[in-house]
Amino acid sequence: MNINKNQILNNGKIKINLVKDKIDIYNDIAKVMANKIKKNNFIGKNTSFILPVGPRGQYKIFARICNLEKISCKNLITINMDEYLDGNGSLISEDNPLSFRGFMKENLFDLLEDDLKIKPENIYFPDPENISQIEKVIKEIDGVDICFGGVGINGHIAFNEPVDEGSISPDKFMRLKTRVLAVSRDTIVINSIKYGGHTEFIPKRCITIGMAEIFMARELRFYLEHNWQSAVLRRLISIEPAPSFPVSFIKEHENSSITLSKNVLKQYVN
């Protein structure tokens, strides 16, 4: 716990970008997305992103940038990381307030002007009825440009929940692909906070892309915006890559970074 801010920002293991507030995180993601699409549109190339629902505030900003600057998203391919499942193992209804599909529709897809919209056939979510689809799509487009993401309190990325090292090797964990799994108790608790702590409202099962698909992206950009992610940051930097803390593996990617707001550093000495 004696680690200081300078040791974090200059840790030598992964690039750290520091911004002032949460809104700066959302602006950063939105601008990176818009600039990548503009660059690829200029040379007639498709753009592909793996996208999270958490962070969440970037999508309305991104849609506004595209509408103002007339940036076409017709050649954009989006792959969302995950979705909740109902008690029968099917995707929860899109009109469920917890649905990531519903969130993306309301906060991004429907906000783009008609002549700029992402083509419906270029929008992907992992589906328990077609487990192999995401890997197949990524291979067909020869990898993803950028994977954006947040980090759970237990170090999960997407819904790749921690696994005890005694039950899986790091190499095998890294090869995990899209799959159905149980949502961990830690994740259920933290995700229930905005719903008054009613953990019974949070689905107990989910589907997620795997570490294998995440690492098929040419760039990984992960973001920390909450005070409670201070411990996530410390563990990410200090431990060796391990299945018990999935985000620790992103240090192994040749082009990865963490962007954090200043509140995440408050627990550390100057």
Between the side chains of E135 and K139, is the shortest nitrogen-to-carboxylate-oxygen separation below 4.0 Å, so that they form an ion pair?
yes
R221 charged N/C atom sitting above F148 aromatic ring, 6.0 Å / 45°
no
Cationic N near anionic O, under 4.0 Å, D145 to R218:
yes
Going through the distances and angles, do I71 and L116 end up as a side chain to side chain contact (heavy atoms under 4.5 Å, CB included)?
CA-CA 7 Å; I71 302 170; L116 306 175; 6.0 Å; no
In the structure I gave you, are the side-chain heavy atoms of V144 and I79 within less than 4.5 Å of one another anywhere?
yes
Spacing of NZ belonging to K70 relative to CG belonging to L68, to within rounding of 0.5 Å
8.0 Å
Indicate the atoms forming the closest heavy-atom contact of I92 with L85, along with that distance.
CG2-C, 3.4 Å
Would you mind telling me which of I77, N75, L76 makes a side-chain contact (heavy atoms from CB on, under 4.5 Å) with I118?
L76
Verdict with reasoning, D95 to S93, per side chain to side chain donor-acceptor pair (under 3.5 Å)
CA-CA 5 Å; D95 60 11; S93 171; 2.3 Å; yes
Which atoms form the tightest heavy-atom contact between Q58 and P55, and what is the distance?
NE2-O, 2.9 Å
If two hydrophobic side chains count as joined below 4.5 Å and joins carry through other members, does F173 share a cluster with L181?
no
Quick one: does D21's side chain have a donor or acceptor within less than 3.5 Å of a partner on D24's backbone?
no
Can a salt bridge be assigned to the pair E213 and K177 using a cut-off of 4.0 Å between side-chain N and carboxylate O?
no
So L91 and P128, do their side chains get closer than 4.5 Å, heavy atoms only?
yes
For the backbone of N4 and the side chain of Q7, can you confirm whether one donor and one acceptor N or O come within less than 3.5 Å of each other?
yes
For the pair T47 and N40, evaluate side chain to side chain donor-acceptor pair (under 3.5 Å) and give the outcome as yes or no after the intermediate values.
CA-CA 6 Å; T47 303; N40 284 345; 3.0 Å; yes
Considering all heavy atoms, the nearest A30-I65 contact
CB-CD1, 4.1 Å
Side chains of I250 and F222 in contact at under 4.5 Å (non-hydrogen atoms)
yes
To the nearest 0.5 Å, how far apart are CD1 in I123 and NZ in K117?
9.0 Å
Check step by step if side chain to side chain contact (heavy atoms under 4.5 Å, CB included) holds for E83 and R101.
CA-CA 7 Å; E83 180 59 290; R101 298 179 343 276; 2.9 Å; yes
Which atom pair, heavy atoms only, marks the closest approach of S72 to I37?
O-CG2, 3.4 Å
One pair to check against side chain to side chain contact (heavy atoms under 4.5 Å, CB included): D127 and T178. What are the steps and the verdict?
CA-CA 9 Å; D127 184 348; T178 300; over 6 Å; no
Check whether S192 reaches the backbone of V189 with its side chain - one donor and one acceptor, N or O, closer than 3.5 Å.
yes
If we only count heavy atoms from C-beta on, is the L233 to L265 side-chain gap below 4.5 Å?
yes
So does I237 get a backbone contact from the side chain of K13, meaning a donor-acceptor N/O pair under 3.5 Å?
yes
Nearest heavy-atom pair of M211 and P246: which atoms, and what distance?
CE-O, 3.7 Å
Does V183 offer a backbone N or O that forms a donor-acceptor pair with the side chain of T187 under 3.5 Å?
no
If you link ILVMFWY side chains whenever their heavy atoms are less than 4.5 Å apart, which other residues fall into the same cluster as L111? By chain and number, please.
none
Sidechain-backbone polar pair: N27 side chain, I23 backbone, donor-acceptor under 3.5 Å:
yes
Please check if the side chain of H226 supplies one atom and the backbone of W228 the other of a donor-acceptor pair under 3.5 Å.
no
Counting distance only, does the side-chain N/O of N88 pair as donor-acceptor with the main-chain N or O of S90 below 3.5 Å?
no
Transitively linked via ILVMFWY side-chain contacts under 4.5 Å: I146 with I157?
no
Could you check if a side-chain atom of F62 sits within less than 4.5 angstrom of a side-chain atom of C73, using non-hydrogen atoms only?
yes
State, with a plain yes or no, whether a side-chain heavy atom of S184 is found less than 4.5 Å away from one of N154.
yes
Would you give me the side-chain donor-acceptor pairs under 3.5 Å for residues 196-207, sequence neighbours excluded?
residue : atom : partner : partner atom : Å
H198    : ND1  : E200    : OE2          : 3.1
K204    : NZ   : T199    : O            : 3.4
K204    : NZ   : I202    : O            : 2.8

Drop me the distance from N160's CG to M174's CE, to the nearest 0.5 angstrom.
10.0 Å
Between CZ on residue F103 and CZ on residue F109, distance to nearest 0.5 Å:
10.5 Å
Looking at the rings of Y84 and F159, which for Trp means the six-membered one, are their centres under 6.0 Å apart?
yes
Residues P52 and M81: closest non-hydrogen pair is CB-SD, 3.9 Å
Flag side-chain contact, heavy atom, 4.5 Å: P162 against P243:
no
Gap separating the CZ atom of R56 from the CG atom of L108, nearest 0.5 angstrom
13.0 Å
Tell me yes or no: between the side chains of E240 and S248, is some donor less than 3.5 Å from an acceptor?
no
Under a 3.5 Å threshold, yes or no: a donor from one side chain and an acceptor from the other, between T259 and N17?
yes
Quick one: does N35's side chain have a donor or acceptor within less than 3.5 Å of a partner on V32's backbone?
no
Do the side-chain N and O atoms of S99 and E94 include a donor-acceptor pair separated by under 3.5 angstrom?
no
Would Y26 and Y59 count as a ring pair (Phe, Tyr, Trp, His ring centres under 6.0 Å) if you check the C-alpha gap in whole Å, the side-chain angles of each, and the deciding distance to 0.1 Å?
CA-CA 8 Å; Y26 309 146; Y59 296 118; 9.6 Å; no
Can you list the steps and then say if I258 with L260 is a side chain to side chain contact (heavy atoms under 4.5 Å, CB included)?
CA-CA 6 Å; I258 292 284; L260 53 110; 4.0 Å; yes
Side chains of S261 and N263: do they bring a donor and an acceptor to under 3.5 Å?
yes
With the side chain counted from C-beta on, respond yes when C147 and F215 share a heavy-atom pair under 4.5 Å apart, and no when they do not.
no
If hydrophobic clusters are built from ILVMFWY residues whose side chains come within less than 4.5 Å, do I14 and F249 share one?
yes
Establish whether M33 and V19 are linked, either directly or via other cluster members, by ILVMFWY side-chain heavy-atom contacts under 4.5 Å.
yes
Quick check: does any side chain N or O of K251 sit under 3.5 Å from a backbone N or O of L236, one acting as donor and the other as acceptor?
yes
Starting at CE of M216, measure out to CG of D142 and round the result to the nearest 0.5 Å.
9.0 Å
